[in-house]
J.: 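Structure incoming, see below.
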Amino acid sequence: MLDPKILRENPEKIRMMLKDRAVEFDLDKLIRLDKKRRELIIETDQLRKKRNDISIEISRRIKEKENVEDLVAEIKSDGHKLIELEADRDEIEKDYVRLAYTIPNLIHKSVPIGDSKTENKEIRRWGKIPQFDFKIQDHIDIVENLDLVDLERAAKVSGARFYYLKNELVRLNQALINFALDFLAEKNYSLVQPPFLIKRKSMEGAIIAEDFEDMIYKIQDKDLYLIGTSEHAIAAMHTDEIIEGKHLPMKYAGVSPCFRKEAGAHGKDQKGIFRVHQFEKVELFVFSRPEESWNEHEKMIQIVEEFYQKLEIPYKVILLSSEDMGKISAKTYDVEAWMTGQNAYREIVSCSNCLDYQARRLKIRFRDKTNEETQYLHTLNSTLVATSRVLVSIMENFQTKDGHIDIPKVLQSYTGKSII
RNA sequence: GCGGAGAUCGCCUAGCAUGGUAGGGCGUGGGAUUGCUAAUCCCAUGUUCGCAAGGACUCGGGGGUUCAAAUCCCCCUCUCCGCGCCA
């Protein structure tokens, strides 16, 4: 959600953002609704004021044992009008909120404007692409030959894009998680394993409405949704709270399974475990003072890069263009890791500053002193590691001539072995 | 799942029987006063509408009764205690 002040004082700023994102949105309707809504608030408030005044007078007269019938009659007729007006107001308010919740976030000035194909900007590159003097396999062959994943039976049991992780790959998966948690704990991130099911209200705070359809699984007959990432549950964690300024920034390392419908991705990455309905993820989430958030954003991407350097996975950092970015983000870096089997860099990390957009939806504010005005804080999130994709990269990049997998050095103490 | 108790302003707490429009304490900020790193007193301290003056809303959430609901009625959520069930 955007600051409604911008809507009133500088709608052109929003119009520009919509254009830069190439998003269709009826801004004029929202402006009309906001205006109407405030008019109705004033009108109902006035009627309520009158009602309150009369009520007080009735109370006084009763004490004095005076007649109150005329006042009661008056207040009753006003009551009907009030009920009607309130119904109008609630209706408008509902429309307003529904629409306001779908406006995307503002865009940071450093974000390149335009289409992803031409405007996504490579910022950095790290690591040497591994060279092989034998015929390389992709991860689908590797997991088959080493009996590390059972896709067929998963399809039978759960459908496409599910998998049974097996044998040493289970350990490698856990090793990635444990390494990631140790890595972040050392950087003073608090570890959090959130609820994997959250209420609609919480989910709406973290994501934009249309993502529900494409991304989120719902539990039938319950107001519960499977999280698409721990970001959703962690963002909502401090809903309706006023945080003491001295506690900021609050940094969380979330660990959870992630569930995604992947609607509309038919045909893309159809095989293997690269694009799946369920995976584990260790996530960075920061609640920050507004003036610090851009600084925190850079710190986050640095942490992420350090992690992949330790894993010895070649990557590049991409600054997403205005049209490619998620709607809640004001600026996003993606990290793409080298995947030998695909001879390409593929997305493994998304690192975003959401400014006060989520905080407004979730009413997460802070202040330094109790009598100070509260301010919305800023939220930032980044993947550290989504295990399934990084497993793909490790298996493909660290494959050996005889068809095995070398385990990256930093993970060996976690797996207890150096080769699969 | 059953029975009982409970949820009040950032935190603690009063009010609920007998409906009259949230009081106190702590913390924090500001001010006053005072010869000492202290004490005392006053004011402020939720959301929202408004340029302002000034309103409206707010007692876990939602309905209802009433001129008027923290208070009465109904539904729901969560917490605590006991019982049952259970990895």
Side-chain angles (χ1 to χ4, degrees), chain A residues 1-10 30-98 100-101 193-205 218-219 221-225 233 236-248 250 257 287 289 356 358-377:
Chain A
M1 191 120 103
L2 297 179
D3 186 347
K5 268 199 195 119
I6 302 173
L7 186 71
R8 285 164 214 164
E9 291 163 11
N10 196 0
L30 187 68
I31 292 170
R32 274 201 309 280
L33 283 170
D34 179 50
K35 191 157 170 264
K36 184 73 186 163
R37 166 183 158 266
R38 284 185 294 153
E39 285 167 9
L40 283 168
I41 286 173
I42 291 171
E43 217 174 330
T44 50
D45 278 3
Q46 281 168 349
L47 268 174
R48 282 186 176 157
K49 157 88 171 125
K50 190 177 170 196
R51 185 188 65 186
N52 290 345
D53 287 346
I54 295 178
S55 262
I56 289 166
E57 174 64 10
I58 289 173
S59 168
R60 189 195 66 77
R61 284 201 198 173
I62 287 173
K63 269 187 211 143
E64 303 293 321
K65 301 206 189 318
E66 292 172 22
N67 195 334
V68 295
E69 272 168 39
D70 55 326
L71 290 180
V72 172
E74 185 181 357
I75 209 169
K76 271 188 173 169
S77 81
D78 281 349
H80 297 302
K81 212 192 308 174
L82 185 59
I83 285 166
E84 273 174 40
L85 272 175
E86 281 180 337
D88 281 0
R89 189 202 54 190
D90 292 349
E91 192 61 32
I92 299 269
E93 177 80 22
K94 233 165 69 189
D95 290 349
Y96 169 78
V97 169
R98 200 182 300 131
Y101 262 54
Q193 190 171 47
F196 307 152
L197 293 160
I198 63 177
K199 297 179 194 172
R200 182 165 188 110
K201 186 171 171 281
S202 304
M203 194 64 91
E204 276 175 342
K218 183 185 190 322
I219 304 297
D221 302 327
K222 293 268 180 205
D223 178 30
L224 285 174
Y225 298 78
M237 198 161 110
H238 293 289
T239 298
D240 288 330
E241 292 184 24
I242 299 168
I243 310 289
E244 283 183 61
K246 66 179 181 202
H247 292 137
L248 296 177
M250 297 190 294
F287 295 92
R289 308 178 75 89
D356 62 2
Q358 288 177 323
R360 273 181 196 281
R361 291 171 163 238
L362 294 162
K363 286 210 176 59
I364 312 175
R365 292 156 297 170
F366 78 97
R367 64 182 163 203
D368 292 308
K369 292 166 184 164
T370 26
N371 61 329
E372 215 174 58
E373 216 178 317
T374 58
Q375 273 186 76
Y376 287 101
L377 44 71

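What you are looking at is a predicted structure, and each value in this text was computed from that prediction instead of being measured. Throughout, protein chains are lettered first and strands after them, A, B, ... in sequence-line order, and every chain is numbered starting at 1.
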J.: Answer yes or no: is there an ion pair linking Lys49(A) with Asp45(A), defined by an N-O contact shorter than 4.0 Å?
T.: no

J.: Does the structure show a Watson-Crick or G-U wobble partner for C41(B), both distances under 3.5 Å? Name it, or say none.
T.: G31(B)

J.: Please evaluate residues Phe287(A) and Ile364(A) with respect to the criterion side chain to side chain contact (heavy atoms under 4.5 Å, CB included), reporting the C-alpha separation (whole Å), side-chain torsions for both, the decisive distance (0.1 Å), and the verdict.
T.: CA-CA 9 Å; Phe287(A) 295 92; Ile364(A) 312 175; 3.8 Å; yes

J.: Between G20(B) and C72(B), how far is it from one C1' atom to the other, in whole Å?
T.: 14 Å

J.: With a non-hydrogen cut-off below 4.0 angstrom, is Arg8(A) in contact with a base, only sugar-phosphate, or nothing?
T.: sugar-phosphate

J.: With rounding to whole Å, what would you report as the distance between G23(B) and A70(B) at their P atoms?
T.: 13 Å

J.: Closest nucleotide of RNA chain B for Ile58(A) versus for Lys49(A): which of these residues is on the 5' side?
T.: Lys49(A)

J.: Looking at Arg51(A), I'd like to know whether one of its side-chain N or O atoms comes within less than 4.0 Å of OP1 or OP2 on A56(B).
T.: no

J.: Which base, if any, makes a Watson-Crick or G-U wobble pair with A7(B), both distances under 3.5 Å?
T.: U77(B)

J.: Starting the side chain at C-beta, find the nucleotide from A56(B), G20(B), G46(B) nearest to Arg367(A).
T.: G46(B)

J.: If we take the P atom in both G60(B) and G15(B), what is their distance in whole Å?
T.: 15 Å

J.: Could you tell me the separation between the CG atom of Leu377(A) and the NE2 atom of His238(A), rounded to the nearest 0.5 Å?
T.: 9.0 Å

J.: Less than 4.0 Å between a side-chain N and a carboxylate O, is that true for Glu57(A) and Arg60(A)?
T.: yes

J.: Determine the Euclidean distance between corresponding P atoms of A22(B) and C57(B); express it in Å to zero decimal places.
T.: 10 Å

J.: Closer than 4.0 Å, any side-chain N/O of Thr374(A) to the OP1 or OP2 of U47(B)?
T.: yes

J.: Need one value for Arg365(A): base, sugar-phosphate or nothing, where a base atom within 4.0 Å counts as base even if backbone is also close, heavy atoms only.
T.: sugar-phosphate

J.: Return the nucleotide paired to C72(B): Watson-Crick means purine N1 to pyrimidine N3 with N6-O4 or O6-N4, wobble means G-U with N1-O2 and O6-N3, both under 3.5 Å.
T.: G64(B)

J.: Whole angstrom is fine here: how far is it from CD in Glu86(A) over to P in G62(B)?
T.: 13 Å

J.: Considering only atom C1', compute the distance from A69(B) to G64(B) and round it to an integer number of Å.
T.: 11 Å

J.: Mind checking the CD-CD1 spacing from Glu93(A) to Ile41(A)? Nearest 0.5 Å is all I need.
T.: 5.5 Å

J.: Taking G24(B) as the reference, what is the distance to U77(B) when you measure between their C1' atoms (whole Å, please)?
T.: 30 Å

J.: For the pair made of NZ in Lys50(A) and P in G54(B), what is the distance, rounded to whole Å?
T.: 22 Å

J.: Counting any heavy atom closer than 4.0 Å, what does Ile54(A) reach on the DNA or RNA strands: base, sugar-phosphate only, or nothing?
T.: nothing

J.: How many whole angstroms separate atom CD1 of Ile42(A) from atom P of C57(B)?
T.: 15 Å

J.: Out of A56(B), C49(B), G20(B), which nucleotide sits closest to the side chain of Ser55(A)?
T.: G20(B)

J.: Could you state the atom-to-atom distance from CG of Leu40(A) to C1' of C57(B) in whole Å?
T.: 16 Å

J.: Quick one: is G55(B) close enough that its OP1 or OP2 comes under 4.0 Å of any side-chain N or O from Asn52(A)?
T.: no

J.: Who is the Watson-Crick or G-U wobble partner of A14(B), with both distances under 3.5 Å?
T.: none

J.: On RNA chain B, nearest-nucleotide positions of Asp53(A) versus Arg38(A): which is more 5'?
T.: Arg38(A)

J.: Whole-Å distance between C57(B) P and Leu47(A) CG?
T.: 11 Å

J.: Need one value for Ile242(A): base, sugar-phosphate or nothing, where a base atom within 4.0 Å counts as base even if backbone is also close, heavy atoms only.
T.: nothing

J.: Using modelled atom types and a 3.5 Å cut-off, is there a donor and acceptor pairing between side-chain atoms of Asp223(A) and backbone atoms of Arg200(A)?
T.: yes

J.: Give me the distance, rounded to whole Å, that separates C26(B) from U18(B) when you measure between the C1' atoms they each carry.
T.: 32 Å

J.: Does C2(B) have a Watson-Crick or wobble mate here (both distances under 3.5 Å), and if so which one?
T.: G82(B)

J.: G50(B) P sits how many Å from Asp34(A) CG, rounded?
T.: 8 Å

J.: Can Lys94(A) and Glu91(A) be said to form a side chain to side chain contact (heavy atoms under 4.5 Å, CB included), step by step?
T.: CA-CA 5 Å; Lys94(A) 233 165 69 189; Glu91(A) 192 61 32; 4.2 Å; yes

J.: Partner of G19(B) by Watson-Crick or G-U wobble geometry, both contacts under 3.5 Å, or none?
T.: none

J.: Can you tell me how far C1' in C83(B) sits from the matching atom in U65(B), rounded to whole Å?
T.: 37 Å

J.: What is the separation between atom CZ on Phe366(A) and atom C1' on U45(B), rounded to the nearest whole Å?
T.: 17 Å

J.: Whole angstrom is fine here: how far is it from CD in Glu39(A) over to C1' in C49(B)?
T.: 12 Å

